[in-house]
2 protein chains.
Amino acid sequence: MNVSETLFKPIKAKRTFEEVSTEIKSLIFKSVLKPSDKLPSEIALARQFNVGRQTVREALRILELSGFITIRKGARGGPIISDTISNTISNSFLDAIQMKSINIGELTLARLEIEKVVLNHAINNADSSDIKDLQENVLKAKRKTENRFQAFSENIEFHKLLAEASKNHVFVIVIQSIMAVVADFLSRLEPNLEKSKRVVKAHEDILNAIISKRGDEAITLLEKHLLQVEVELQVSYDKLTRNDSVESGKS
Amino acid sequence: MNVSETLFKPIKAKRTFEEVSTEIKSLIFKSVLKPSDKLPSEIALARQFNVGRQTVREALRILELSGFITIRKGARGGPIISDTISNTISNSFLDAIQMKSINIGELTLARLEIEKVVLNHAINNADSSDIKDLQENVLKAKRKTENRFQAFSENIEFHKLLAEASKNHVFVIVIQSIMAVVADFLSRLEPNLEKSKRVVKAHEDILNAIISKRGDEAITLLEKHLLQVEVELQVSYDKLTRNDSVESGKS
DNA sequence: TCACATTTGTCCGTATGTATC
DNA sequence: AGATACATACGGACAAATGTG
């Protein structure tokens, strides 16, 4: 009868390591524990929570995978509160993408549509600080390519900075997740300086359009840019998957 | 060896439990292990990998949190390959949302923009099977509200079905993640049958517009629907956060 | 209903590798 | 270079849960 009560009550018996991890997690949410704070060692935590070390370890494993803490080994090491959690979502995203075996066209389509929306908001909401970040990003990427290095991470970062200029955290998280997938695709390809240069140029053009408030042009440029990337990605990827007998040797 | 690959993957695959978890994960990716397959017990895995049981447990913990396996206790229990991984992303999303303390307006704005895009693709790509799923969803929700029950999960599901009709897995994953956040917000509010009925009605109208190929109308209806939900959400939420000394009592 | 076997959950002791001082 | 502190990892043990006969 009382369906509504049981509906939201997980009858799941909580395991001790889950209680420990959620306890620590909630301390982080409440900002009692802040980024770069150091947690007690495993042994100390085990004593304080009155549980075994293995239990603590599994709790720490969860927090680590969820991106709340990083763990350093050695003296003065131990669990440390992380400042970012987003790369964890990206990892989950990557897993899901791999499970669904998503192809480049599908990825590009979704990316294009969502980034257009985000760019639109970025154009309207970007302040001088955002513009400065974007300019520095492009400049750094430019210098790198001029020195005959690829600007891989900078070119990924550009899109994250655009998302941040939209002033909407949800957009930021979504774009970060998608860019992780894009980066994963890109990382499998062989380096190509010319392509990297073209990307930097495209970013520069988009940024200039944003600065001079030519919103429609910025979106058109973004569209062209992403479709161009897709073509290059597709070509390289086909070449790669042709000899795709990638087997990890047994040991 | 292959330095170029390790350049962007300085992931320390050093720890033993990580090697174990990635090994099992890759078996899942290669479909050697399929959903509902049963993995050996911890002790058996420890023997086969020639590692300790603690190491196996930490590897299983990772796989469990990543959504690849579920674990049952007791005889004939053990780790089982899951068929879905998406709820994991949603959990990470929820964590990130909580960290950034995202508000309802921000969430609705992003949701609206992204869902409009997705709906657009759903209108163009939905086949008869998608329409049938959506119709059944609305029908089920309707019956539930007529029997004076809320159609909570059905109303969430409606938006996921819309995303699936877009025929783009990336959209599906993104929408699922966002809806997890929405569901989280909603679950904190007190049940309200009238609101649930209004939502079902809105879904029905949107679905009818899709069926009769009135794309623009469908989008307009969606827009109205989401904004209406936002208003209700905001009102209820303000009421809720007024007496917000929410403390989880120890038991 | 009642044992029984299986498997996870948890704790403890110990040993080793590693980073810091 | 040596001592210290910490994570990592192994093995043994028992409790709790759960399905089977």
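From a predicted model like this one, the values you see are computed outputs, not experimental measurements. Below, chains carry the letters A, B, ... as their sequence lines are ordered, and counting in each starts from 1.
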Whole-Å distance separating the [atom1] atom of [X] from the [atom2] atom of [N]:
X: B:Glu42; N: D:dC10; atom1: CD; atom2: P; answer: 14 Å
X: A:Gln48; N: C:dC11; atom1: CD; atom2: P; answer: 15 Å
X: B:Ile43; N: C:dA5; atom1: CD1; atom2: P; answer: 15 Å
X: A:Phe49; N: C:dT10; atom1: CZ; atom2: P; answer: 14 Å
X: A:Leu39; N: D:dA5; atom1: CG; atom2: C1'; answer: 16 Å
X: A:Arg61; N: D:dT8; atom1: CZ; atom2: C1'; answer: 9 Å
X: B:Leu45; N: D:dC10; atom1: CG; atom2: P; answer: 13 Å
X: A:Phe17; N: C:dC11; atom1: CZ; atom2: P; answer: 11 Å

Looking only at side-chain N and O atoms, does [X] come under 4.0 Å of OP1 or OP2 in [N]?
X: A:Arg15; N: C:dG9; answer: yes
X: A:Thr16; N: C:dG9; answer: no
X: A:Thr55; N: C:dC11; answer: yes

Out of [options], which has the shortest distance to the side chain of [X]?
X: A:Arg57; options: D:dA7, C:dT8, C:dT14; value: D:dA7
X: A:Ala75; options: C:dT14, C:dT8, C:dA19; value: C:dA19
X: A:Arg76; options: D:dG19, C:dC21, C:dT8; value: C:dC21
X: B:Lys73; options: D:dT8, D:dC10, D:dT18; value: D:dT18
X: B:Val51; options: C:dT7, D:dC10, C:dG9; value: D:dC10

DNA chain D nearest-nucleotide lookup for A:Gly74 and A:Gln54: closer to the 5′ end is A:Gly74
Of B:Gly52 and A:Ile71, the one whose closest nucleotide on DNA chain D sits nearer the 5' end is A:Ile71
Taking NZ, NE, NH1 and NH2 as the nitrogens, is one of them in [X] or [Y] under 4.0 Å from a carboxylate oxygen of the other?
X: A:Glu18; Y: A:Arg15; answer: yes
X: B:Arg53; Y: B:Glu42; answer: yes
X: A:Glu64; Y: A:Arg61; answer: yes

Q) Distance-only, no hydrogens or angles: does the B:Thr55 side chain make a donor-acceptor pair with backbone N or O of B:Val51 under 3.5 Å? A) no
So, A:Phe49 versus A:Phe17, ring centres under 6.0 angstrom or not?
no
**Item:** Base D:dG19 paired with B:Arg72 side chain (donor-acceptor, <3.5 Å)
**Value:** no
- With a 4.0 Å cut-off on heavy atoms, is A:Pro40 in touch with a base, just the backbone sugar-phosphate, or nothing at all? nothing
